[in-house]
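Keep in mind that the numbers below use all heavy atoms, side chains included, and drop hydrogens, waters and symmetry copies.
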Amino acid sequence: LFHYDKLSDALLALKRGDIDAIIIDEPVARMFVRTVSGVQYDFGIYTGEQYGIAVNKDSKDLLNLVNTVINNMKNSGQLDTLVQKWFGSG
(Lines give C-alpha, C1' and ligand atoms only; values in the text may rest on other atoms or scores of the structure.)
Protein backbone atom coordinates (compact mmCIF):
# COMPACT_ATOMS: atom_id res chain seq x y z
CA LEU A 1 0.00 0.00 0.00
CA PHE A 2 1.46 3.34 -1.06
CA HIS A 3 0.49 6.93 -0.35
CA TYR A 4 1.12 9.73 -2.82
CA ASP A 5 0.83 13.39 -1.89
CA LYS A 6 0.02 14.34 -5.48
CA LEU A 7 -2.53 12.68 -7.72
CA SER A 8 -0.19 13.15 -10.67
CA ASP A 9 2.49 11.06 -8.90
CA ALA A 10 0.00 8.22 -8.31
CA LEU A 11 -1.15 8.33 -11.93
CA LEU A 12 2.42 8.24 -13.20
CA ALA A 13 3.25 5.33 -10.90
CA LEU A 14 0.27 3.42 -12.28
CA LYS A 15 1.24 4.19 -15.86
CA ARG A 16 4.84 3.07 -15.23
CA GLY A 17 3.66 -0.16 -13.61
CA ASP A 18 5.12 0.72 -10.20
CA ILE A 19 1.72 0.04 -8.64
CA ASP A 20 -1.15 -2.18 -9.75
CA ALA A 21 -4.13 0.05 -8.99
CA ILE A 22 -5.25 3.35 -7.54
CA ILE A 23 -8.44 4.54 -5.90
CA ILE A 24 -9.44 8.01 -7.07
CA ASP A 25 -12.60 9.96 -7.86
CA GLU A 26 -14.51 8.26 -10.66
CA PRO A 27 -14.61 11.25 -13.04
CA VAL A 28 -10.83 11.62 -12.73
CA ALA A 29 -10.36 7.89 -13.34
CA ARG A 30 -12.59 7.93 -16.42
CA MET A 31 -10.75 10.93 -17.88
CA PHE A 32 -7.38 9.32 -17.16
CA VAL A 33 -8.23 6.11 -19.03
CA ARG A 34 -9.53 8.14 -21.96
CA THR A 35 -6.29 10.06 -22.33
CA VAL A 36 -3.64 7.52 -21.32
CA SER A 37 -3.11 4.18 -23.03
CA GLY A 38 -2.33 1.06 -21.07
CA VAL A 39 -4.68 1.64 -18.15
CA GLN A 40 -8.33 0.77 -17.69
CA TYR A 41 -11.23 1.70 -15.43
CA ASP A 42 -12.40 -1.41 -13.59
CA PHE A 43 -15.27 -0.50 -11.27
CA GLY A 44 -16.71 2.26 -9.13
CA ILE A 45 -17.41 2.34 -5.43
CA TYR A 46 -20.66 4.24 -5.06
CA THR A 47 -20.82 6.27 -1.88
CA GLY A 48 -23.79 8.49 -2.63
CA GLU A 49 -21.65 11.62 -2.60
CA GLN A 50 -22.98 14.61 -4.45
CA TYR A 51 -21.31 17.86 -5.37
CA GLY A 52 -22.66 21.37 -5.37
CA ILE A 53 -21.86 24.97 -6.17
CA ALA A 54 -21.34 27.37 -3.27
CA VAL A 55 -22.25 31.02 -3.64
CA ASN A 56 -21.81 33.80 -1.11
CA LYS A 57 -25.15 34.18 0.70
CA ASP A 58 -25.22 37.88 -0.19
CA SER A 59 -24.82 37.17 -3.92
CA LYS A 60 -28.47 36.50 -4.71
CA ASP A 61 -28.11 37.69 -8.31
CA LEU A 62 -25.25 35.27 -8.88
CA LEU A 63 -27.20 32.43 -7.25
CA ASN A 64 -30.19 33.13 -9.50
CA LEU A 65 -27.92 33.21 -12.56
CA VAL A 66 -26.24 29.90 -11.65
CA ASN A 67 -29.61 28.24 -11.03
CA THR A 68 -31.02 29.60 -14.29
CA VAL A 69 -28.05 28.38 -16.32
CA ILE A 70 -28.16 24.91 -14.72
CA ASN A 71 -31.91 24.61 -15.29
CA ASN A 72 -31.54 25.74 -18.91
CA MET A 73 -28.75 23.20 -19.46
CA LYS A 74 -30.87 20.42 -17.92
CA ASN A 75 -33.95 21.32 -19.97
CA SER A 76 -32.02 21.57 -23.25
CA GLY A 77 -30.09 18.31 -22.71
CA GLN A 78 -26.79 20.20 -22.78
CA LEU A 79 -25.93 19.13 -19.22
CA ASP A 80 -26.36 15.44 -20.10
CA THR A 81 -24.24 15.94 -23.22
CA LEU A 82 -21.41 17.49 -21.22
CA VAL A 83 -21.56 14.83 -18.52
CA GLN A 84 -21.38 12.12 -21.17
CA LYS A 85 -18.51 13.87 -22.98
CA TRP A 86 -16.33 14.42 -19.91
CA PHE A 87 -17.28 11.56 -17.61
CA GLY A 88 -18.72 8.86 -19.87
CA SER A 89 -21.51 6.54 -18.95
CA GLY A 90 -21.79 4.97 -15.51
Distance (rounded to the nearest 0.5 Å) between [X] [atom1] and [Y] [atom2]:
X	Y	atom1	atom2	answer
Asn64	Ser59	CG	OG	10.5 Å
Asn56	Leu62	CG	CG	9.0 Å
Leu14	Ile24	CG	CD1	8.0 Å
Arg34	Lys85	CZ	NZ	9.5 Å
Leu11	Met31	CG	CE	12.5 Å
Phe32	Asp25	CZ	CG	14.5 Å

Shared ILVMFWY cluster between Ile70 and Leu63, side chains joined below 4.5 angstrom?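 Yes, Ile70 and Leu63 fall within the same hydrophobic cluster.
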
Please tell me whether Val28 and Val36 are part of a single hydrophobic cluster in this structure, the criterion being side-chain heavy atoms less than 4.5 Å apart.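 Same hydrophobic cluster.
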
For Lys74, look at atom NZ and say whether over 12 heavy atoms of other residues, nucleotides or ligands are found less than 6.0 Å away.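 It does not: Lys74 NZ has 12 such atoms or fewer within range.
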
A side-chain contact here means heavy atoms from C-beta on lying under 4.5 Å apart; do Val69 and Leu65 qualify?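 In contact.
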
Who pairs with Asp5 by side chain to side chain donor-acceptor pair (under 3.5 Å), at least two apart in sequence or on another chain?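 Once residues adjacent in sequence are excluded, the partners of Asp5 under the side chain to side chain donor-acceptor pair (under 3.5 Å) criterion are His3.
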
Say whether, by atom type as modelled, one donor and one acceptor occur between the side chain of Ser76 and the main chain of Asn72 under 3.5 angstrom.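 Yes, because the side chain of Ser76 sits within donor-acceptor range (under 3.5 Å) of the backbone of Asn72.
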
Side-chain donor/acceptor of Lys15 to backbone N/O of Ala10, under 3.5 Å: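 Not a single qualifying donor-acceptor pair exists.
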
So, for Val33 and Gln40, which heavy atoms are closest and what is the spacing to 0.1 Å?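 The answer is CG1-C, 3.5 Å.
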
Considering non-hydrogen atoms only, spot the tightest contact between Ile19 and Phe2 and give its length.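 Scanning both residues, the minimum pair turns out to be CG2-CD1, 3.6 Å.
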
